[in-house]
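Note sheet for the following structure.
Side chains included, hydrogens not; waters and symmetry mates left out as well; all remaining heavy atoms used. In this text, all values refer to a predicted model and were calculated from it rather than measured experimentally. Numbers restart at 1 for each chain; the letters A, B, ... are given by sequence-line order, proteins then strands.
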Amino acid sequence: MTDAPKPNDTAVDALSEKHAGQELARLAEVLARANDAYHTQDAPDLTDAEYDALKRRNTKIETRFPHLKRSDSPSDQVGAVAAAGFQKITHAVAMLSLWNAFTDDDVVEFDRAIRKYLGLSAITELTYTAEPKIDGLSLSLRYENGALVHAATRGDGATGENVTTNARTIADIPEELAGAPDLLEVRGEVYMSHVDFEALNTRQAEAGDKTFANPRNAAAGSLRQLDATITAARPLRFFAYAWGALSQPLSDTQLGAIDRLAELGFQTNPLTALCDGPDAMVAHFRKIEAQRATLGYDIDGVVYKVNDLAWQSRLGFRSTTPRWAIAHKFPAELAWTRLDGIDIQVGRTGALSPVARLHPVTVGGVVVSNATLHNEDYIAGRGADGGTIRDGKDIRVGDWVQVYRAGDVIPKVADIDLSKRPDAAQPYDFPETCPQCDSPAVREDGDAVRRCTGGLICPAQAIEKLKHFVSRGAFDIEGLGAKQVEQFFTDGWVKEPAHIFTLNARYGSGLQQLQNREGWGQKSANNLFQAIDDKRQIAFNRLLFGLGIRHLGEAAAKDLARHFVDWASLAQTVDLAAGEPALKDTAKAALDQSPGWQELLSIDGVGRTLVHSLIAAFTNNEERASFDRLLKELDVQPLEAASADTPVAGKTVVFTGSLEKMTRAEAKARAEALGAKVAGSVSAKTDLLVAGPGAGSKAKKAAELGIETLDEDGWLALINDA
DNA sequence: TATCCTCGAGTTCC
DNA sequence: CTCGAGGATA
């Protein structure tokens with residue numbers, strides 16, 4: 001496959017405009033035929049490498065003659081896949097992201113919060129490691145009995161892509177480890193040095209291939225090559241800085257563990273230091289910042305971690321980040337450019353979101369042409385950022401604006417140069433009707449966003465709702481992403497979720513024929529129908545989340561699914577509540593008159609706003625009918641099991657009195673990590689009371705209700721089995 | 001009632 | 001990733 005016929009690259013430069021047009025037509029035809037062969041038969045007529053080479057040639061001609069790009073250009077094909085892509089790997093231990101610090105005060109606050117959580121006094125010794133945060137992409141390497149068995153990208157943190165073959169080509173990644181634990185997952189960053197990046201771009205340019213915007217993209221692009229021989233030719237490097245699953249600890253300190261990784265043969269960062277507190281951490285940060293330009297590779301900050309691993313494990317994790325680490329980021333890069341226009345996007349809930357169309361400008365190594373403008377007040381210079389960053393100046397089309405990438409990702413407007421404001425520039429007039437459906441767009445009292453009132457009449461809302469329905473946390477149908485949903489909607493095939501499940505019956509044969517030219521063949525159509533059928537069995541919480549009811553997110557969907565078991569009982573209770581007067585406050589006798597509301601509000605995490613929203617959705621005839629049509633197609637399963645198999649899973653625990661071996665926050669977090677629910681007061685629903693010294697009324701009440709009660713040691717003994 | 005924390009919704013670029 | 005708002009808590 002590697003010695004596929006090379007397209008004649010020099011010829012592209014020599015191509016006349018006329019011949020370029022003909023060549024694009026030829027490539028469109030050849031690639032379409034290849035796609036068709038790939039999707040409809042099991043025997044592709046081109047190898048992957050040949051296919052890639054032709055596609056690259058096509059892109060190259062399009063880059064040279066942009067106006068010749070065809071409407072059926074192979075570069076825009078939806079279903080066109082050159083190869084199957086990478087397999088998924090589920091991380092044994094999730095790869096989390098880090099909480100960020102932007103100021104010195106944030107670092108002091110980090111230290112303070114940790115001391116508070118652990119119950120340490122201000123003078124107890126607490127040291128941290130500080131190391132540069134490499135701007136690359138994280139990788140997890142799994143070694144069994146000293147041999148590398150697989151390498152996975154971070155992905156969404158829970159599941160990544162299997163890039164083992166590619167990782168093996170990186171010199172810094174050992175194939176074998178001597179003296180390592182039987183099981184060891186090493187985590188670190190794949191990156192590219194500045195010199196290697198420049199050289200690679202020069203080579204790419206000479207070969208007529210695309211160049212990379214920055215070393216990070218070059219590293220990411222190189223690691224995710226389907227052809228490992230390409231990865232091997234790219235100068236990637238690797239720094240190890242953490243670990244996942246282990247059969248035995250590497251050390252009892254963070255620094256010790258890093259040293260151990262170095263002994264095992266990994267590169268570790270030489271600027272890693274031990275700091276005895278916030279002052280030393282900030283000092284090290286300044287030192288690294290001063291060396292930033294001469295390091296030879298990109299970094300975007302400094303990472304601090306609690307050095308003592310026993311303390312790390314006591315601190316544990318918030319939902320997506322560890323409590324024992326933080327990334328201190330360098331100030332964001334800024335760039336000036338012109339604001340060419342303001343467009344309004346309409347979201348799933350009807351929210352009108354203004355987006356800045358910018359004259360393209362490079363910020364932090366990436367070309368930015370859009371930026372979020374949040375909402376009406378933000379443009380007018382009111383609201384949080386408006387006041388503090390740009391002194392309340394309003395944003396006008398034609399302005400010179402300074403942009404930055406918040407958290408190095410989301411482009412935002414930081415400032416405006418009033419001296420360059422065109423005389424004709426007018427304050428932005430925020431639309432009061434939906435730009436998509438002309439329905440009135442209203443702002444409710446105290447609300448920052450203006451919303452289209454069109455509901456499902458509004459095509460934008462309908463499409464966004466469908467995209468949400470097929471999204472990852474909801475139905476997650478393979479092969480049916482945002483692009484496909486949008487296409488099906490415009491074609492009139494799928495107007496609501498139920499239509500996805502009747503697609504085959506209604507358009508099965510039509511789909512196979514009609515879509516042939518657009519990248520769908522019989523094979524991919526069959527795959528899609530199979531993927532859809534696979535999701536007819538769906539967990540109740542995923543269904544609820546997928547419906548796209550306002551304020552009903554992933555967490556609330558789980559809470560409801562846990563309480564109601566099935567659709568019918570939820571619907572019954574919501575219908576009941578709909579017939580009752582809305583509850584204004586929960587402490588009144590009115591509760592007894594509104595059993596529906598009472599039941600819903602009794603669910604932890606469900607408040608009045610969500611109940612209103614549920615009632616609105618269930619009493620809307622159109623929406624209710626569409627729910628019913630959908631349910632006919634589905635086989636709804638109970639809530640997905642959480643961390644089962646712990647002694648306290650699913651139990652409601654209450655802590656009272658003073659705890660001596662851990663703080664309250666710590667106890668709560670540990671209990672929740674084990675699948676328990678922590679409540680504040682004892683009721684009939686309480687399963688277990690943990691009472692420390694000084695327990696008062698709660699212990700008494702628990703005794704009256706006959707609830708099991710443990711002291712702190714008893715609790716620790718119980719959970720330590722887990 | 002005020003304060004803290006978590007969740008939901010929206011966004012960009014690769 | 002960030003902001004705003006909802007919900008829990010003191």
- Would you indicate what Ala220(A) reaches in the nucleic acid, counting non-hydrogen atoms under 4.0 angstrom: base, sugar-phosphate, or nothing? nothing
- Query: For Gln402(A), which residues count as a side-chain hydrogen bond (donor to acceptor under 3.5 Å, both in side chains) partner, sequence neighbours excluded?
  - Reply: none
- Task: Send over the distance from Asp604(A) CG to dC7(B) P, rounded to a whole Å.
- Result: 11 Å
- Message: If you compare every side-chain N and O of Gln345(A) against the phosphate oxygens of dG10(B) (OP1, OP2), does one of them come in below 4.0 Å?
- Response: no
- Quick one: is dG7(C) close enough that its OP1 or OP2 comes under 4.0 Å of any side-chain N or O from Arg608(A)? no
- Message: In this structure, how many angstroms lie between the P atom of dG8(B) and the CG atom of Asp559(A), rounded?
- Response: 8 Å
- Sorted by number, residues from residues 352-362 of chain A placing a heavy atom under 4.0 Å from DNA chain B are Ser353(A), Val355(A)
- Val368(A) or Gly347(A), whichever maps to the more 5' nucleotide of DNA chain B: Gly347(A)
- Give the rounded distance in Å between these two atoms: NE2 of His551(A) and P of dG7(C). 7 Å
- May I ask you to check whether Phe197(A) and Tyr297(A) place their ring centres under 6.0 Å from each other? no
- Identify which nucleotide among dC3(C), dC14(B), dA9(B) has an atom closest to any side-chain atom of Val366(A), counting heavy atoms from C-beta outward. dC14(B)
- Nearest-Å distance for atom pair CG/P, residues Leu552(A) and dA9(B): 8 Å
- Task: Round to the nearest Å and state the distance from Phe545(A) atom CZ to dA9(B) atom P.
- Result: 7 Å
- Return the set of residues passing salt bridge (Lys or Arg N to Asp or Glu O under 4.0 Å) with Arg451(A) (not counting sequence neighbours), or none when no residue passes. Asp447(A)
- Message: Looking at Arg224(A), I want to see if its CZ is surrounded by more than 12 non-hydrogen atoms of other residues, nucleotides or ligands under 6.0 Å.
- Response: no
- Would you tell me if any nitrogen or oxygen in the side chain of Asn370(A) comes within less than 4.0 Å of OP1 or OP2 on dC13(B)? yes
Counting only pairs under 3.5 Å, give me each side-chain donor-acceptor contact of residues 464-471 of chain A, with atom names and distances, residues two or more places apart or in other chains.
from	atom 1	to	atom 2	distance (Å)
Glu464(A)	OE2	Lys467(A)	NZ	3.3
Lys465(A)	NZ	Glu623(A)	OE2	3.1
Lys467(A)	NZ	Glu486(A)	OE1	3.2
His468(A)	NE2	Phe545(A)	O	2.7
Ser471(A)	OG	His468(A)	O	2.7

- Kindly write out the residues that satisfy side chain to side chain contact (heavy atoms under 4.5 Å, CB included) with Ser369(A), not counting sequence neighbours, or none if the list is empty. Pro360(A)
- Query: Rounded to the nearest 0.5 Å, how far does CZ of Arg357(A) lie from CG of Asp343(A)?
  - Reply: 4.0 Å
- Item | Contacts of Ala371(A) that satisfy side chain to side chain contact (heavy atoms under 4.5 Å, CB included) - sequence neighbours left out | Ala356(A), Leu358(A), Pro411(A)
- Message: Please classify the nucleic acid contact of Arg216(A) as base, sugar-phosphate, or nothing, using heavy-atom distances under 4.0 Å.
- Response: nothing
- Task: Give the nucleotide from the list dC3(C), dC13(B), dC1(C) with an atom nearest to the side chain of Ser369(A).
- Result: dC13(B)
- From dT2(C), dG10(B), dC14(B), pick the nucleotide closest to the side chain of Phe102(A)? dT2(C)
- Reckon Thr609(A) has a side-chain N or O less than 4.0 Å from the OP1 or OP2 of dG7(C)? yes
- Consider the side chain of Asn100(A), meaning its heavy atoms from C-beta on, and name the nucleotide among dC1(C), dT11(B), dG4(C) that approaches it most closely. dC1(C)
- Message: Taking 4.0 Å as the cut-off, does a side-chain nitrogen or oxygen of Lys412(A) come that near to OP1 or OP2 on dT12(B)?
- Response: no
- In whole angstroms, how far is the C1' atom of dG10(B) from the NZ atom of Lys467(A)? 13 Å
- Task: Starting from P on dG4(C), measure out to OH on Tyr378(A) and report it in whole angstrom.
- Result: 10 Å
- Integer-rounded Å distance: dC3(C) P and Leu373(A) CG: 14 Å
